[in-house]
Each structure stands twice: as structure tokens, then as C-alpha cells.
2 protein chains.
Amino acid sequence: MIENNPKKIHIPEHCPVRNVFDRFGDKWSVLILMALDTAPSMRFNELHKGIELISQKMLTVTLKTLEADGLVKRTMYPQIPPRVEYELTERAKTLLPHIHNLIDWSKEHMADIEESRKVYQEQLA
Amino acid sequence: MIENNPKKIHIPEHCPVRNVFDRFGDKWSVLILMALDTAPSMRFNELHKGIELISQKMLTVTLKTLEADGLVKRTMYPQIPPRVEYELTERAKTLLPHIHNLIDWSKEHMADIEESRKVYQEQLA
DNA sequence: CCTTTGACTTACCAAAAGTAAGTAAATATA
DNA sequence: TATATTTACTTACTTTTGGTAAGTCAAAGG
């Protein structure tokens, strides 16, 4: 009777859920998608200035993974200095409503959450 | 004319969006909430076994932040060996539908996304 | 006694992310 | 002619975060 399962919940390593949240479960992906949602297209430096505190490095690597996932389209104009435009794909546009729902939830509950955090901190002291 | 804003998108460091996604934008929070959603309450080791590959350390620290945010309720029964039960709060229950929407989106699109990733990889080679 | 049990800590190490400087190539300025 | 500027990145290096494995606590069971 090795492994006599008590409650059989199991969130395995490889599943669509993990696959998605490993993408959204990083600091910057969602923020970039949101920024791109505010204009038809944006250039690298616009994103860099628009998303406070993101580093150039993290902006490039995150844009690359978003591009790989088909959520962002990258268009390079061969000029000098170079011009590169980023825009949301149709796929990304089907995702954004869900993200906005999370944002709305967060706006609605953030005051309460911060209050909870304060109370929790005070309990520790 | 320093700072003659071209497109005024701006995602500042301190805003409800960041505040929420810094929470969800970590590897484990959402997974723990999902696991807790499958039963009325769960013990530490049930979660540890149920969520594949999470370390004890990350489980404890993530549970603590979820507790601090009022998303998880922790109940300790003073026995030896100890028994600790975790359950979702009402606040968390209002959040879970949105998370499930994201999961549904991810199930719907994951095949296409993996295909995109494959194509993207092949382009590089 | 010594082992087991459950929910953790702690110390140490690896991986991820942040920082700052560098690159390319043409145009603008001195 | 020499230097500075511009944009979209790389690269090398440092810091922070996360993972691993062992240890702790106190009682019950063999």
C-alpha cells in the first residue's frame, strides 16, 4: 500500500495550465501585452519608457518569447537607425479581455488586500 | 522641450495592476489557489504532493503571502505531529472564476501556441 | 531508546533577473 | 575630418530569487 492516494489532486509538471502560467507567471509578459493594447503598434523604446522599471534586457527577452508564442508581431524596417514595430496578434486580442477581468478584480480588491497585508504584518510584530 | 511625450502610455511602478500581477506573476501562487479549489481544505503535505515540483520552501513562502493577502486561511491544530489546514477565503473564491477563464483560454490555444513556438524555433536555425 | 510523523527552517548553491557598458551604421553637428 | 546622436539591441557582470537537502520540534509507537 505504497501511495494510497488520500485526495487525488494533482497538478502535473506538463499541462496546459502550467504552460500558460509559466508564460504569464513572469514579471513582464502581461505588462507588455497591456502596454501594446493601448496603441495599434509601438516601438521598442516606447515600450521601454512606458513600462516603468523594465530593463532593456528583460524587454527584449520577453518580447521574443511573446513573439515565439504568436502573441506579438514584430516588424523590422531596415533603416538606420533601425525601426522596429511591435503589435498584438489576433491571438493576443482574444486573451486580453481575460487579463482585463483580472485587472478589474485587482482594482476592486486591492484596498482590502493592502489592509489584509497591514493586519498580517502587525500580527507578526 | 525635454520630454515631449509621443504616446503617453505609462505603466507606473505602483499601481493596482502591478500590485496584482506581482502576486500572480510568480510561479506558484495561482497553482496553489487552483489546488485549494479542488477540495474544501488541504494540509501542507497534500499540497506539496499535489503540486508537482514545488519545493517545501516555496510552498511555505507562497502560502504565507497568500495568507497575508487574505486569499488563503490557515488553521493550525495544536497536535503533535502538527496539523495545519489551508482553505480558500471568500475573496479568493471571487478571483478563481477569472483564473479558470485564463485556464480555458490556455487549453483552447495551447496547441496553436506550441505550433508557433516550433515554427519560431525553426526560423532561428 | 530510537524511529516516525508533519510542518516547517536554515544553510548553501544554482538559476533568473537587473545593471551598465558596448555595438552597428548612417546622419547631423563642430 | 572627427565626434556625437540615434535605435534596437548584446554582453559581461552582479544581485536577487528560487531550489536542494538537511535539520528541528515534541510526542507516540515499536
Side-chain angles (χ1 to χ4, degrees), chain A residues 1-7 11 13 18 21-32 35-36 41-68 72-87 123-124, chain B residues 1-4 6-7 11 13 18 21-32 35-36 39 41-68 72-87 123-124:
Chain A
M1 244 155 272
I2 304 157
E3 197 67 37
N4 195 350
N5 52 342
K7 292 172 192 170
I11 297 179
E13 188 184 356
R18 299 286 288 258
F21 283 112
D22 281 357
R23 284 289 175 224
F24 309 158
D26 79 298
K27 236 175 152 169
W28 302 113
S29 294
V30 169
L31 258 27
I32 292 175
L36 287 172
S41 82
M42 296 185 76
R43 302 181 63 175
F44 186 87
N45 278 342
E46 284 180 324
L47 286 167
H48 189 222
K49 281 169 204 152
I51 301 168
E52 210 165 90
L53 289 191
I54 194 172
S55 66
Q56 285 190 325
K57 178 181 157 188
M58 279 301 104
L59 183 53
T60 47
V61 318
T62 309
L63 280 170
K64 271 178 195 167
T65 67
L66 290 172
E67 197 197 347
V72 161
K73 186 178 166 222
R74 185 187 120 114
T75 311
M76 191 176 119
Y77 299 90
Q79 309 172 349
I80 285 174
R83 183 160 70 96
V84 180
E85 299 266 0
Y86 292 95
E87 61 189 297
Q123 284 174 344
L124 297 185
Chain B
M1 241 153 276
I2 306 155
E3 196 66 39
N4 194 352
K7 292 172 190 170
I11 298 179
E13 188 183 356
R18 299 287 288 257
F21 282 110
D22 280 359
R23 283 289 177 224
F24 308 157
D26 79 296
K27 233 174 153 169
W28 302 113
S29 294
V30 169
L31 258 28
I32 292 175
L36 288 173
S41 82
M42 296 184 77
R43 302 181 62 173
F44 185 87
N45 278 342
E46 284 180 324
L47 288 166
H48 188 221
K49 282 169 204 151
I51 301 169
E52 210 165 90
L53 290 190
I54 193 172
S55 64
Q56 285 190 323
K57 179 180 158 191
M58 280 300 103
L59 183 54
T60 47
V61 317
T62 309
L63 281 169
K64 271 180 194 166
T65 67
L66 290 172
E67 196 196 349
V72 162
K73 186 179 166 220
R74 187 188 119 114
T75 311
M76 191 177 119
Y77 300 89
Q79 310 170 349
I80 284 173
R83 183 160 69 97
V84 180
E85 298 265 1
Y86 293 94
E87 59 190 300
Q123 285 174 344
L124 297 186

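Letters A, B, ... mirror the listed sequences (proteins, then strands); counts begin at 1.
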Novice: Would you kindly give the CG-to-P distance between A/Asp26 and C/dA17, to the nearest whole Å?
Specialist: 7 Å
Novice: Can you list the steps and then say if B/Leu63 with B/Phe44 is a side chain to side chain contact (heavy atoms under 4.5 Å, CB included)?
Specialist: CA-CA 9 Å; B/Leu63 281 169; B/Phe44 185 87; 4.1 Å; yes
Novice: So which nucleotide from D/dG19, D/dC9, C/dA7 ends up closest to the side chain of A/Arg74?
Specialist: D/dC9
Novice: Give the minimum heavy-atom separation between B/Ser41 and B/Glu85, together with the two atoms involved.
Specialist: OG-OE1, 2.5 Å
Novice: For A/Lys49 and D/dA8, give me the distance from atom NZ to atom P, rounded to whole Å.
Specialist: 9 Å
Novice: In whole Å, I'd like the distance from the CE atom of A/Met76 to the P atom of C/dA25.
Specialist: 12 Å
Novice: Check every atom of D/dC9, D/dA27, C/dG6 against the side chain of B/Asn45 and return the nucleotide holding the closest atom.
Specialist: C/dG6
Novice: Rounded to whole angstrom units, what separation is found between the CE atom of A/Met58 and the P atom of D/dT15?
Specialist: 17 Å
Novice: Would you say the side-chain atoms of A/Thr60 pair up with the backbone N or O of A/Lys57, donor to acceptor, closer than 3.5 Å?
Specialist: yes
Novice: Among B/Val72, B/Thr75, B/Leu36, which residue satisfies the side chain to side chain contact (heavy atoms under 4.5 Å, CB included) criterion with B/Glu87?
Specialist: B/Thr75
Novice: Could you check how far CG of A/Leu47 sits from C1' of D/dC9, rounded to whole Å?
Specialist: 14 Å
Novice: Taking atom P of C/dT9 as reference, at what distance in whole Å does atom CG of B/Leu59 sit?
Specialist: 11 Å
Novice: To the nearest Å, how far apart are B/Ile32 CD1 and C/dA7 C1'?
Specialist: 14 Å
Novice: Starting from C1' on C/dT9, measure out to CG on B/Leu63 and report it in whole angstrom.
Specialist: 15 Å
Novice: Can you see which heavy atom on B/Leu59 is nearest to which on B/Leu47, and at what distance?
Specialist: CD2-CB, 4.0 Å
Novice: Which nucleotide wins on minimum distance to the side chain of B/Gln56, given the candidates D/dA26, D/dA22, C/dT5?
Specialist: D/dA22
Novice: Let's see if you can work this out: which of C/dC8, C/dG18, D/dA8 has an atom nearest to the side-chain heavy atoms of A/Trp28?
Specialist: C/dG18
Novice: Below 4.0 angstrom from OP1 or OP2 of C/dA7, is there any side-chain N or O of B/Arg83?
Specialist: no
Novice: A/Ile80 or A/Lys64: which one's nearest nucleotide on DNA chain D is closer to the 5' end?
Specialist: A/Ile80
Novice: Tell me what B/Tyr86 touches on the nucleic acid: a base, only sugar-phosphate, or nothing, going by heavy atoms under 4.0 Å.
Specialist: sugar-phosphate
Novice: Of the options D/dT10, D/dT7, C/dA25, whose atoms approach the side-chain atoms of A/Pro82 most closely?
Specialist: D/dT7
Novice: From the options D/dG19, D/dT7, C/dG18, select the nucleotide whose nearest atom is closest to the side chain of A/Pro81.
Specialist: D/dT7
Novice: For the side chain of A/Lys57, starting at C-beta, report the closest nucleotide among C/dA17, C/dC8, C/dA7.
Specialist: C/dA17
